[in-house]
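Data block below; observations after.
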Amino acid sequence: MLRSKLPHIGTTIFTVMSSLARELGAINLAQGFPDYDPPERLKELVNQHVAAGHNQYAHMAGVIELRQAIAAKLEASYARRVDAENEVTITLGATEAIFSAISALVHPGDEVILLDPSYDSYAPAVILAGGNPIHIPMRQPDFRIDWERVKDAVTPRLRMVMINTPHNPTGSIIRHEELNVLADILEPTNAFVLADEVYEHMVYDGAEHASILANDRLFERGIAVFSFGKSMHATGWRVGYAIAPPDITREIRRVHQFNTFSIAAPLQHAIADFLTETPEHNAGLHAFYQRKRDQFLAALEGSRFTWTPSEGTYFQLLDFSQIPRVSDVEFADRLIRDVKVASIPVSVFYAEQPRLSVVRFCFAKNDSTLEQAAERLRRM
Ligand code: GLN
């Protein structure tokens with residue numbers, strides 16, 4: 001008889017909300033994706049590579065030109081020199097990188113620390129590997145990490161700590177000093193650190209992204225995960241990558257080769273060319289998104305929502321506690337039905353759901369979409 005391996009896991013909230021938004025004709029600020037296209041030149045390069053015959057299996061670890069372009073990009077961003085041959089693996093989006101890394105490194109009975117609210121793919125990946133997710137809630141209301149609690153959760157069975165900065169769904173960021181605290185905590189352990197850094201180029205108000213690649217002690221035991229879906233406005237292409245020292249990369253590839261094997265070849269060639277031709281593309285992203293955040297928030301002036309401007313990601317939390325008290329799940333449901341704006345409740349990202357009065361909105365949208373959504377939100 002059928003016995004589920006994930007009996008407590010339903011359909012991901014992103015699919016639930018996007019389907020409902022389509023059904024109700026709502027503006028979708030729920031699932032995080034832009035309503036604009038990748039750069040024209042990048043689209044042109046994809047067409048060129050399809051026409052040029054790059055249509056068969058790519059190398060299992062990724063097209064070498066792309067891995068080299070990534071190495072150049074990481075050196076420019078984080079002063080970290082990585083070896084394109086042995087430390088870079090192209091994956092099916094960041095989700096596959098995370099899944100393959102957890103499958104490769106976590107053994108049955110191992111503990112993996114997750115900081116709640118945690119992205120919804122993390123815990124299922126740990127459970128399928130036979131590991132035990134150890135959920136530690138972030139502090140409220142600022143959604144920062146309580147490192148004392150992390151330290152107290154270290155046991156001899158700890159195999160991995162997962163961090164995510166800039167943080168989805170809350171928009172908080174980890175600072176360089178905090179990475180040093182984490183490195184101290186992990187010093188006496190054999191644990192890995194898996195860092196989901198897909199929003200690396202979306203940090204605001206002059207802050208700097210603190211990558212584990214810029215921290216020698218964490219990089220030694222680290223896997224950093226990135227995504228071209230985010231940086232190239234192409235979430236549907238599903239191209240991401242994992243950076244890790246050679247011994248860790250070898251293990252990740254053992255799984256990756258039988259999970260997805262290799263990633264769409266023409267997309268990889270196109271992104272490689274685009275990165276080489278336009279190395280300044282990424283540097284413009286934070287200004288591009290900060291303007292969108294500010295425009296969205298300015299348009300919400302006069303509404304009953306309150307907020308702290310997002311520090312990173314393309315998500316903004318809005319606090320609805322001045323609007324009749326309901327749970328965040330009920331509020332998101334009311335919002336999509338009453339004013340037709342889809343959002344994501346935050347409590348669903350917790351093992352133990354707290355009572356929260358914030359919901360998440362994606363501001364990676366055209367100005368007109370943001371204006372129209374804000375106009376509806378002002379009616380709440
Ligand atoms: N990362 C996206 C978000 O947070 C969702 C991606 C997905 O639906 N798998 O909205």
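All values reported here derive from a predicted model rather than from experimental measurement. Whatever order the structure lists them in is the order used to number ligands and atoms, beginning at 1.
Taking the six-membered ring for Trp and the full ring otherwise, Phe33 and Phe14 have centroids separated by 6.0 Å or more. A distance of 6.0 Å or more separates the ring centres of Phe143 and His167.
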For each nitrogen or oxygen atom of ligand 1, which protein N/O atoms lie closer than 3.5 Å, and how far apart are they, rounded to 0.1 Å?
unit_1, atom_1, unit_2, atom_2, d
ligand 1, 1 (N), Tyr119, OH, 3.2
ligand 1, 4 (O), Asn168, ND2, 2.7
ligand 1, 4 (O), Arg360, NH1, 2.9
ligand 1, 8 (O), Gln31, NE2, 2.7
ligand 1, 10 (O), Gly32, N, 2.6
ligand 1, 10 (O), Arg360, NH2, 2.7

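The aromatic rings of His233 and Tyr36 sit perpendicular, their planes meeting at an angle over 60°, well past the 30° parallel limit.
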Decide side-chain contact (heavy atoms from CB on, under 4.5 Å) for Phe320 and Met380; before the verdict, give the C-alpha distance in whole Å, the side-chain angles of both, and the deciding distance to 0.1 Å. CA-CA 9 Å; Phe320 60 84; Met380 284 302 288; over 6 Å; no
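Shown here are the side chain to side chain contact (heavy atoms under 4.5 Å, CB included) partners of Thr308, two or more places apart in sequence or in another chain: there are none.
Of the charged side-chain nitrogens involved, at least one lies within less than 4.0 Å of a carboxylate oxygen, so that Glu44 and Arg41 count as a salt-bridged pair.
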